[in-house]
Amino acid sequence: MTAEIDIDHRALEQSPEDFASQWRLIWIAFRRHRLAMTGAIIVLLFYFVGAFAEILAPFDPNATSSADIYHPPQMIHLIDRHPDGGWSFNPHVTALTAERDPFTLQTTFTEDPDRKIYLDFFGKGDPYRLWGIIPMERHLLTTEDPQERFFLIGADRLGRDMLSRTIYGTRISMSIGLIGVSLSLVLGLILGGISGYYGGRVDMLIQRVVELVISLPTIPIWLGLSAALPQDWSPLTRYFAITVILSLVAWTELARVVRGRFLALRTEDFVTAARLDGCTRGRVIFRHMMPSMVSHIIASVTLAIPVMIIAETSLSFLGLGLTPPIISWGVLLKEAQNVRSIAQAPWLFAPGAAVCLAVLALNFLGDGLRDAADPYVQDSH
Amino acid sequence: LPAVAQEATGQAPSLAAMVEAGSLPPVAERVGEEPEVVEPLNAIGTYGGDLRIGLRGSSDHNHILRVVGPQGLVRWDPQYTEIVPNVAERFEVEDGGRVFTFYLRDGMKWSDGEPFTADDVLFNIDDLVLNEEFAPTPPRYTSGGEPMQVEKVDDYTVRFTFKEPYGDFLAELASPLGQHPVLYAKHYCSQFLPTYNDNVDELIAKNEATDWQNLFLQKCGDLEIPARWGNPERPTLDPWVIKEPYVGGTTRVVLERNPYFWQIDTEGNQLPYIDQIVAPIDQDVESLILGVIGGRIDFGLRHIDPPANRPVLAENREKGDYHFFAAEPPGGSNMIINLNLTHKDPDLRELFNRKDFRVALSLGMDRQEIIDTVMLGEGEPWQHGPFEDHPYYHEQTAKQFLEHDPEQANALLDGLGLERGPDGVRQMPNGEPVRFQVDVIPTFDPVWVDALQLVEQQWAELGVDMEINPMERTFFYERTSNSNDHDAAVWNAKQSWVAGQIPQMLVPVHHDSRYGIAWRDWYLSGGESGEEPPASIKERLRLYDEARGMTDPEERRKTMLEIAQIAADEFEVIGVAKAIPTYGIVKNDLMNVPEKMPSSWYYATPSPTLPQTWFWKDE
Amino acid sequence: MSKTAMNSEANTTVLELKNLTTEFVTKRGAFRAVDDVSLELHAGKTLCVVGESGSGKSVMSRSILQIVDPPGRVTGGQALLHRHRTARRGAEEETIDLLRLNPKSSAIRSLRGRDIAMIFQEPMSSLSPVHRIGDQVGEAIRLHERVSKKDARERTVELLRKVEIPRPEKAIDQFPFEFSGGMRQRAMIAMALACNPTVLIADEPTTALDVTIQAEILDLIRSIQDESDMAVLFITHDMGVVAEIADEIAVMRFGKVVETGDVYEIFEDPKHHYTQRLLNSVRELDHPSQRRLAMRETRPVGSPCLVSDNVRKVFGAGSSWFRGEVKGLVAVDDADLELRTGENLGIVGESGSGKTTLGRCLQRVHDVTAGRILYTDESGRELDLAPMSENQLAQPWRDIRTVFQDPFSSLNPRMTIGQIIAEPLVVEGKLSGREIRERVHELLDLVGLPRSAYMRYPHAFSGGQRQRVSIARAIAPNPRIIIADEATSALDVSLRTQILDLLLDLQERLDLSFILISHDIAVIRYFCDRIAVMYRGRIVETGETEAVCTAPQHEYTRSLLSAVPVADPRARGHKQRLRYYETI
Amino acid sequence: MFAYIARRILWAIPFMFAVSLIAFALITAPPGDYLTSFAATLAQSGDIVDEARLDALRERYGFDQPFLVQYFHWIGGVLQGDFGISFEWQQPVGQLIWERMALSVTLALATLMFTWAVALPIGIYSAVRKYSVGDYFFTTIGFIGLATPNFLFALVLMYVAVVYFGSDVSGLFSEEYKDAPWSLAKIGDLAAHIWIPVIILGTSATASLVRIMRANLLDELYRPYVTTARAKGLSEFRLIMKYPVRIAINPFISTIGWAFPQLISGAVITAFVLSLPTSGPLMLQALLAQDMYLAGAFILLLCCLSIVGMLVSDILLAVIDPRIRFR
Ligand SMILES: Nc1ncnc2c1ncn2[C@@H]1O[C@H](COP(=O)(O)OP(=O)(O)OP(=O)(O)O)[C@@H](O)[C@H]1O
Ligand SMILES: Nc1ncnc2c1ncn2[C@@H]1O[C@H](COP(=O)(O)OP(=O)(O)OP(=O)(O)O)[C@@H](O)[C@H]1O
Ligand SMILES: [Mg+2]
Ligand SMILES: [Mg+2]
C-alpha cells in the first residue's frame with residue numbers, strides 16, 4: 001500500500017506564479033519596487049548616455065573657445081517672440097558677450113538680447129566618430145549655426161562645454177568604476193569564501209595575504225604600482241591598469257567580511273545539508289552560502305562604485321590616475337578642485353551631481369534587488 | 001655715501017629695553033663701525049609688527065630664504081642690473097678677472113654677538129667648500145679645472161684667486177647658490193667638524209645623527225635644505241633669525257629680528273623694522289589662496305601667482321585688504337617644447353634633427369589662440385630669450401617662425417618626404433607614422449597641459465600625431481633628465497642670459513636642456529660619458545665657457561649674442577609665449593614694497609628689494 | 001492540595017479565544033491559517049491541542065501573543081485574558097483583549113513572558129546563536145522582576161536543574177550550538193517557566209526529549225500547575241502525552257477546531273472522523289508494523305553495510321600551550337554498531353546522550369576522534385569513512401542520506417522548497433530539468449505537501465511540513481541508507497504512520513536501510529527491527545526490538561520503557577516509573 | 001584563546017618582515033630617488049638646484065647601492081630602534097613621526113567614534129523603519145557624502161568658512177597653540193578644531209557603515225530567535241539592540257581592524273588639503289619626495305597598527321560570535 005495523505009484543501013488554490021522560476025519571482029518582486037525601478041531606469045539611462053555620448057553631447061568636449069571661458073549656464077527658451085509681437089516654437093538661447101578685465105583677468109558676461117542662438121535637434125555640429133568608427137556629425141541638440149555655441153551647464157576654464165564633458169565622462173566613469181568593482185567583488189567573494197569555508201591552513205594563508213594587502217596604506221601602493229607601469233602607455237590604458245590595481249587592493253575588505261560570515265555560516269545545518277547533497281565546494285559556497293550574504297554584497301557593491309569613481313580623483317590628486325585629455329567625472333572634479341571654481345564657476349561641480357545621481361540610482365537599484373531576493377519580503381505584497 | 005659717517009642710533013623698542021636692562025650691548029656697538037646704510041624705498045619706517053607669509057608644505061625652505069635674503073658677500077641691486085656689496089663692504093676685481101678682494105665690515109657681528117671676520121670666510125671655504133669629505137666643490141668655485149684659493153689679507157680682508165679669468169664670479173656670489181663664503185659661523189659650526197672637535201662622536205650619538213656630515217647638516221644646515229632653518233641656535237647674518245624652526249612636522253615657522261643686524265636706515269635706525277616673520281605652513285596651494293583672501297597672508301608671490309588665480313585674488317582685494325604688485329620675469333618664455341634631438345630611436349632622432357621639421361611645427365602652432373584660451377590673453381607669441389628692452393635681447397631667437405602658417409608648414413613637411421597616410425597622419429620613410437609623445441607634469445603648471453591640448457589639435461592639422469603624456473614629476477625628471485627616454489618634453493625658459501643665469505636653451509649644460517641630455521652629459525663629464533655633440537653645439541659650449549670668464553659686461557654680451565645667433569639658426573627648441581609679469585599680493589598697510597620687482601630665482605625675489613626696510617603704517 | 005480542590009469545582013476561565021482568525025496575505029491572496037477558532041483555557045487546567053500538521057496550531061498560539069511573523073496578521077476575533085482570575089490576580093476585574101493591544105505597546109509586553117509564556121516549536125532555531133543560555137533564560141526573570149544579577153543567575157541555574165539539564169552551573173555559560181536538541185528544548189522550557197506564568201503556551205515542547213525526561217518535564221509542569229494554578233495550552237502530537245496530562249482536548253484541522261471536549265470524551269468517543277483516524281493510528285502504532293514483518297519474511301536482512309567500530313567523538317578537546325591538554329566533552333564513547341542491508345535500526349536514548357552525534361559520525365559529517373566507520377558500498381567494497389577527505393566522501397554521501405533533527409535550520413532560508421528538494425538531484429546531474437521537476441512534484445505528493453509548495457520558501461511552512469520537506473530531500477536521490485534523526489517528531493500520529501509506511505514502502509522498492517533516531521518508543525517498535533540504546537555516549541544495549549522492549553537488560557532501558565506514556569487517560573498515573581542514575 | 005593570540009603574535013614577526021620588504025620595494029619602486037624629487041620640487045618653485053651636490057649626496061646616501069643592500073641597511077637599523085634619518089629634514093626619523101602619529105591616531109579615533117556613533121543608530125533606524133522618510137533622507141545624505149571626494153568637501157568648507165565667516169578651519173590648532181607645548185588649553189583647542197576634519201573624514205565612512213548595517217540587520221530581523229525574545233516581553237528597542245544587532249554587527253567588527261589604519265592612510269589627501277599636522281601630509285610628502293626612511297617608518301607603523309587592529313578584530317569577532325571558534 002502506498003500511503004495516501006490527504007492534502008490541505010486550503011493550499012490548493014494555485015497561481016501561475018507557483019511555477020515561475022525563482023528568477024521570475026525575483027523579477028516580479030523587483031518590478032513592484034517603484035523606487036528600484038526608477039533607479040534601474042536611471043542607471044540604464046546613464047549607460048545609454050555613456051554609449052551614445054558622441055550623439056548626445058552638443059559639442060566636441062575638447063573644443064576650446066577663448067571667448068567662452070567660464071561661460072555661465074544658459075536657459076533654453078522654447079518660444080521665440082518676434083519683434084513684431086508674434087511668436088513661434090523655436091528653441092534658442094540668448095547670447096552672452098564676454099569682456100575680460102585686462103588687469104584682473106576677470107571675465108564678465110552680459111546678455112545680448114538682440115543676439116539669439118537658435119538650436120536644432122539632430123543638427124549638424126562638430127564631426128566625430130561614433131565609438132571611434134562611424135563618422136557622423138549630427139548631435140541630439142546643437143546650434144543651428146555650427147560657429148555658435150550654447151552652454152546649458154556652463155563652460156570651463158578653456159571655454160569647453162561642461163555638458164558635453166560631463167556626458168563624455170559618463171562613459172569612462174561608469175564603465176571603469178564597474179569593472180573595478182566587479183573585479184574586486186569576484187576576487188573578494190572567491191577568496192573570502194574559500195577562506196571562510198575551509199578554515200585551517202587555507203584560511204591562514206589567505207588571511208595573511210589579506211592582511212598584507214590591507215595593512216599597507218593605499219597611497220604607497222598606488223605610487224609604487226603605478227611606477228611599475230610603462231610610462232608610454234596611453235593614459236587610458238594606464239588608468240585601466242590602475243583600476244585593476246585598485247581592485248586588487250579593494251577585494252580584501254569584502255574577503256574578510258565574507259570570511260567572517262562564512263565561519264559562522266558553515267556550522268549551520270543547511271550548509272551541512274548541502275554538503276551531504278553532494279554539492280561541490282564551489283556550489284556549497286556560491287549556491288548555498290553566498291545567497292545568505294546577498295544583502296551585504298549588494299550593499300558593499302553599491303558602496304564600492306562611488307568609491308571607485310572617487311578614487312580616481314584621489315589618484316589625479318597625486319598626479320597618477322586619469323589625466324586630461326581623458327575625460328571622466330573624477331578628472332572633471334579634480335579640475336574643479338580649486339578656490340576659483342568654487343568662487344566663480346560653481347557649475348564646474350556638475351559632474352559631482354552626476355556622480356551623486358548615479359550612485360543614488362545604483363543604490364536604490366541595489367535595495368530593490370536585495371528586497372527582491374529576500375524570501376520574507378518576496379512573500380508579502 | 002660713506003657708511004662710516006653714519007652712527008646707529010635707533011633700535012626696536014624691545015631691543016632698547018634689553019639694552020636698558022643690560023642684557024644687550026648698545027645698538028651702535030651691535031651694528032659695528034661700518035654698518036650698511038640703506039635708503040628705504042619710500043619712507044623711513046617705524047618698528048613693530050609681524051610679516052606673515054605662507055609656506056607650502058615641506059621643502060619650501062627657499063621661500064624663507066627669499067624673504068630673509070641670501071646675505072652673501074654681494075647682492076643684486078633692486079633693479080637686477082648691478083651687483084652691489086652686501087656683507088662685504090666693498091670689493092675689487094684684479095688681474096683680468098682672476099683675483100677678487102673683499103673688504104669686510106669692521107665690527108660686524110653674527111646674530112649671537114660674536115664678531116664676524118675673515119676667519120669665518122676661510123673656515124667656510126677651506127673647511128667646508130673645498131673639503132671633499134663634506135661635499136664636492138661646486139663648479140662655481142673652480143676655474144680651469146682647479147678650485148679657487150682664498151687667503152686672509154687681514155682680519156677684515158679676504159682674497160679669492162682663480163686660475164682662469166672668471167668674470168661671472170660676482171654674479172655667482174650674488175645668487176642664492178653663492179652664499180657659501182659667509183654661510184657658517186666658525187665659532188659655532190666648527191664644533192661639529194672632527195678637525196676642530198675631537199669629541200664629535202659624542203655629539204653625533206647625542207643627536208642620533210649618522211655621521212658628522214649629517215650632524216653638521218642637522219645643526220648648521222646647508223644652502224638649499226630645510227635644515228638651514230631648523231636650528232635656532234645657529235648664528236647667521238640674516239635680518240631675522242629662526243625662533244620656531246622649520247623642522248619636520250611643524251605647522252609654522254617664526255623668525256624674529258636679529259639684534260646684531262648690520263644694516264641701518266639713513267636716519268640711523270637699525271633694520272629690520274618688522275619684528276617677526278610668521279610663516280604658517282599650508283600643504284595645498286588652494287589653502288594658501290584662501291589664506292590670502294582671508295587676510296592671513298601679508299605678502300605672497302610664490303605659489304599663488306599663476307594668472308589663473310588672478311581673478312579670484314583680484315576680486316577679494318578689498319576683503320583681504322591687499323593690492324597687487326607686478327613680478328616680472330627676467331625674460332624668456334613660460335612654455336617651451338623640447339624635441340629630444342639625442343633620441344635613442346634613430347628614426348625619430350633623424351626626424352627631429354631636421355630643422356625644417358621643427359620649423360614646420362612652430363609654424364603650425366596658433367600661438368595667439370593658445371594665449372587667448374589658455375593664458376587668459378596674457379602674453380604674446382615668443383620663442384625664448386630676453387625681452388626687447390633687455391641688453392641681451394636677440395630678435396631672431398625670440399621672434400622667428402612665430403606666425404601661424406599651416407600652409408608653409410605643410411609645404412615644409414611635404415618637402416621632407418613625409419607623405420600623409422590614409423588617416424591623415426604623415427608617415428616617415430620607414431612607414432611609421434609621425435607620432436611622438438610630449439611628456440609633461442600636469443601639477444607643475446596647469447597651463448601646460450591645456451596648451452598642449454590645443455597644440456595637439458593644431459599639429460594634427462599638419463598630419464603630425466602628437467600625444468600628451470602627463471606624468472608625476474619624479475617620473476618626469478627621471479625619464480627626461482636622467483635616462484633620456486623621452487620623445488619630447490615641456491618646460492619653461494624664464495631667463496635672460498645675464499651672468500649667473502644658465503642659458504640652458506642655448507647650450508645643453510643643465511638637466512633642463514631636454515633637447516640634448518646626452519650632450520649635456522658629455523659636457524659635464526668632460527667628454528667621458530654621454531654623446532659627443534655636433535659642431536654647432538660644441539662651438540656654443542666653447543663660447544659659453546669663454547663668456548663666463550669675461551669681466552667686461554659688453555664683451556660678455558657680445559659673446560652671448562654670438563651663441564644666441566648660432567642657436568637661433570639651428571632653431572632647436574620651440575617656444576610658445578612670452579613670460580609676462582605675474583602678480584603677487586601685498587597688504588595695503590605694508591610700506592616700502594615696490595610696485596614691481598623682478599621675479600627670478602637668481603634674484604631671489606623679493607630679498608634684493610630689502611624686506612628689512614618694509615614696515616607697517618601705523619593706524 | 002487546597003488550591004486544586006478549589007479549582008476542581010469551578011472552571012475559572014483565564015484565557016478565552018473567540019473567533020480567532022489569522023491570515024497570511026501573500027500575493028496568492030489571503031491564506032487563512034487559523035480560521036474562526038474559539039477556545040477556553042482554565043486555571044490549573046491543561047488544554048491539549050492536537051491536530052494535523054499544518055493545521056494552524058502554532059500560528060494560533062502565536063496569534064495570542066501577537067507575534068505572528070509578517071505577512072501573517074490577526075484579522076479577527078478576540079483573545080480575552082481575564083487577569084483577575086489568574087493566580088496573579090489583581091483586586092478589580094481586569095479583562096484584556098490581547099488582540100486589541102498594539103503589538104509593540106508596553107501593555108502587551110508586560111504580559112508577554114510574565115502572564116503568558118510561550119515555548120516555541122523549534123527550539124533549535126528559536127535561541128539566539130550568539131548569546132549564552134543563561135543570558136537568554138535569565139533575561140525573562142530580570143525583565144519582569146526586580147532581582148539582582150546574581151539572584152537571577154541563581155534562579156536560572158535552578159531552572160536549568162529543574163528541567164534536567166546536566167551540570168547546570170556549567171551549562172548556563174554555554175552557547176546553544178553546544179547543546180543537543182533536547183537540551184535546547186529544555187532551555188526553552190526553562191525560559192518560559194522562568195517567571196511563573198499564569199498561562200503557558202507550549203508548542204510541542206517535548207518532541208526532542210526522551211521519554212524519561214519528557215515524563216520529568218511533564219511532572220514539572222504539572223507541579224507548577226498545582227502550585228500556581230497555571231493554565232496550560234499544550235500542543236502536541238503525542239497522544240500518550242495527551243492522555244497523560246490533558247484535561248481537555250481540542251482537535252484542529254485545516255485551521256479550524258473540529259472537535260473539543262473532555263479528555264475521556266475524546267479518547268473514548270471521538271466524533272470527528274479525523275479524530276477517529278488519529279486514535280486509530282495511535283493504536284496501530286502500538287504494534288510492530290505488519291508490513292514490515294511481512295517484508296522481512298520475504299526479504300531477510302542482509303550483511304552489515306554500515307558499521308561503527310569503536311567510534312569515539314570528543315568535542316572541544318585540544319592541546320594548548322598554556323594549559324596543557326584540554327579535556328573535551330565525550331559525546332560518543334566507543335560506540336560499536338552495525339546496520340545491515342535492508343534493516344531498520346532504531347537508536348533511542350536520553351536526550352544529550354550522543355545520538356545525533358553518532359549519526360553524524362556515521363556519515364562522517366563530524367571528524368571522528370577515534371575508531372573506524374566501515375561502509376560497504378553497492379559493489380560490495382568495504383570503505384573506512386573515518387580518514388576520508390571530503391572529496392572521497394562524495395559517493396558515500398550520495399548513498400547515505402540524513403534527515404536532520406531540526407528541519408528549520410537544515411533548510412536554506414533563501415531557497416525554495418523545490419530547489420531544496422531538487423538539490424541532490426541537480427548535483428547528481430542525471431536528470432534533466434524537467435524530470436527533476438516532475439520528481440520533486442512526485443516527492444511532494446508522497447510526503448503530503450501541496451505542489452504549490454514548490455515555489456515557496458521554508459519560513460512559510462509549519463514545523464511538520466518542514467520536516468516532511470526534509471524527508472523528501474533525503475529520499476530524493478534513491479539512497480541506500482537513511483539516517484533519520486527524529487524524522488517524525490513534528491508530525492501528527494496519522495501522518496506519522498503514513499510517513500513511516502511510506503518509508504517502508506521505499507525500503508521494499510529500493511532495498512533501503514534505516515537508522516531511526518527517536519524518542520518515541522512506539523515509532524521504534526513500529527518501524528525498527530533492532531534497537532540500540534544509548535546512554536551518556538555509550539551504547540548500553542542492542543537487540544531485537546521486541547526482545548529489548550519486552551525484556552530490557554540494562555537498567556537504563558528499563559527506566560526508559562517505564563516512562564513511555566500510554567495513550568489512555570484512564571491509565572494515567574498507574575504506571576510505576578523508574579529512574580536510572582548512573583553510579584560513577 | 002591565549003594560544004591563539006600568542007600564535008598570531010608569533011606570526012606577526014615574519015609577517016612584519018614581509019610587509020617591510022614590500023613597503024620598502026614600493027617606496028623605492030618609483031623611478032629616481034629622493035634627490036630627483038628634491039630637484040623637481042625646487043624646480044617647481046622656480047629654484048634651481050646645484051647638480052654636483054646632488055651627485056655627491058646620492059653617493060653618500062647610498063642610493064646607488066642595490067635594493068637589498070639598502071633594505072637590510074634600513075631594517076637592520078629599525079630592529080635596533082633606529083629608523084634612519086629623513087633626507088629632507090636631516091633629522092632622525094624617530095624625532096619626526098611620533099607627535100604626528102599621535103595626532104593622527106587621535107584624529108582617527110575621533111573619526112571612528114564619530115562614524116560609529118552616527119552610523120550605528122542611523123543604520124538600525126533605516127533597517128527597522130525601512131523605506132520611511134528618515135531612511136530615504138539618511139540614504140540620500142549619505143550617498144551625497146559618499147559621492148563627494150573628501151578633499152573637495154574640505155575645500156568647499158574652508159572656502160565657506162573664510163569667505164562667509166571670516167574664519168580659518170584648516171589645521172588642528174589655533175595660531176597661538178601651534179607650537180605651544182601640550183597643556184590642557186591646547187587639548188581644548190584641539191577639541192574645538194578637530195570636529196571639522198572628523199566630519200569631513202567621517203561622512204563617507206558613515207554612509208557606508210549605515211548601508212552595511214542596514215543590509216545586515218534586515219537579514220536578521222525576522223529570525224525566529226527574535227520572535228522568541230519578543231515573546232519574553234522585551235521591548236522592541238532592547239530586543240533589536242540585543243539580538244539582531246549583535247549578529248549584524250559582525251561585519252563591523254571584522255572591519256574595525258583595518259578601519260583604523262585605513263582612516264589614517266585614507267585621511268592623507270584630506271589632511272593635506274586641510275593642512276592638518278597629522279602624519280598624512282608628512283607621509284605623502286615623504287612618499288612623493290621618496291624620503292624613504294621617513295616614508296618607510298610611517299608605513300611600518302601603519303602596518304603595525306593594522307596588524308594589531310586585525311588581531312583585535314579577530315578576537316572581538318570571536319567574542320561576539322561564539323560560532324567562530326579560535327583555530
Ligand atoms: N558542536 C558541539 N560542541 C560541543 N558540544 C556539543 C556539540 N554538539 C553536541 N555537543 C554535546 O554533545 C552531547 C551529545 O549531543 P547530541 O546532539 O548528539 O545529543 P542527542 O543524543 O542527539 O540529544 P537529543 O536527543 O537531545 O537531540 C551533548 O552533551 C551536547 O552538549
Ligand atoms: N509565513 C507564512 N506564509 C504563508 N503561510 C504560512 C506562513 N507560516 C505558516 N503558514 C501556513 O500556515 C499553516 C499553519 O501553520 P502552523 O505552523 O500553525 O501549523 P501547525 O499546526 O503548527 O503544524 P505542525 O504540527 O506541523 O507544527 C501552514 O499550512 C503553513 O503552511
Ligand atoms: Mg506547529
Ligand atoms: Mg539529537
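Reminder, nothing fancy here: chain letters follow the sequence lines and each chain counts from 1. Quick caveat: nothing in here was measured; it's all calculated off a predicted structure.
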If you count heavy-atom pairs within less than 4.5 Å of chain A, which of [options] leads?
| options | answer |
| --- | --- |
| D:Leu155, D:Leu302, D:Val19, D:Ile27 | D:Leu155 |
| D:Val273, D:Ile269, D:Ile299 | D:Ile269 |
| D:Leu300, D:Asp219, D:Ile144 | D:Asp219 |
| D:Leu218, D:Leu305, D:Val156, D:Ile307 | D:Leu218 |

- Starting from the C-alpha separation in whole Å, work towards a yes-or-no answer on side-chain hydrogen bond (donor to acceptor under 3.5 Å, both in side chains) for D:Tyr131 and A:Asp371. CA-CA 11 Å; D:Tyr131 299 133; A:Asp371 282 357; 2.4 Å; yes
[X] [atom1] to [Y] [atom2] distance, which is reported to the nearest 0.5 Å:
| X | Y | atom1 | atom2 | value |
| --- | --- | --- | --- | --- |
| A:Leu303 | D:Leu146 | CG | CG | 6.0 Å |
| D:Leu152 | A:Ile342 | CG | CD1 | 6.5 Å |
| A:Phe349 | D:Thr148 | CZ | OG1 | 10.5 Å |
| D:Arg211 | A:Thr302 | CZ | OG1 | 6.5 Å |

- Closest contact, heavy atoms only, D:Phe15 versus A:Leu212: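 Shortest heavy-atom separation between D:Phe15 and A:Leu212 comes out as CZ-N, 3.4 Å.
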- Task: Specify the closest pair of heavy atoms between D:Ile212 and A:Ser300, including all atoms of both residues, with the distance to one decimal.
- Result: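 Minimum heavy-atom separation between D:Ile212 and A:Ser300: CD1-CB, 4.3 Å.
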Quick check on [X] against chain A: is it the side chain, the backbone, both or neither that has a heavy atom closer than 4.5 Å?
| X | answer |
| --- | --- |
| D:Phe151 | both |
| D:Leu221 | neither |
| D:Phe272 | side chain |

- Item | Heavy-atom pairs under 4.5 Å with chain D, option from A:Val307, A:Ile305, A:Leu360 with the top count |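 Among A:Val307, A:Ile305, A:Leu360, the one with the most close pairs to chain D is A:Leu360.
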- Item | Atom OH of D:Tyr136 with >12 non-hydrogen neighbours under 6.0 angstrom |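 Yes, because the 6.0 Å sphere around OH of D:Tyr136 holds more than 12 heavy atoms from other groups.
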- Message: Please determine whether the number of non-hydrogen atoms from other residues, nucleotides or ligands lying under 6.0 Å from atom CZ of D:Arg129 exceeds 12.
- Response: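 Open.
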Does any heavy atom of chain D fall under 4.5 Å from the side chain of [X], the backbone, both, or neither of them?
| X | result |
| --- | --- |
| A:Phe262 | neither |
| A:Ala343 | both |
| A:Ser292 | backbone |

- Using a strict cut-off of less than 4.0 Å between a Lys/Arg side-chain nitrogen and an Asp/Glu carboxylate oxygen, indicate whether D:Lys130 and A:Asp367 qualify as a salt bridge.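 A:Asp367 and D:Lys130: not salt-bridged.
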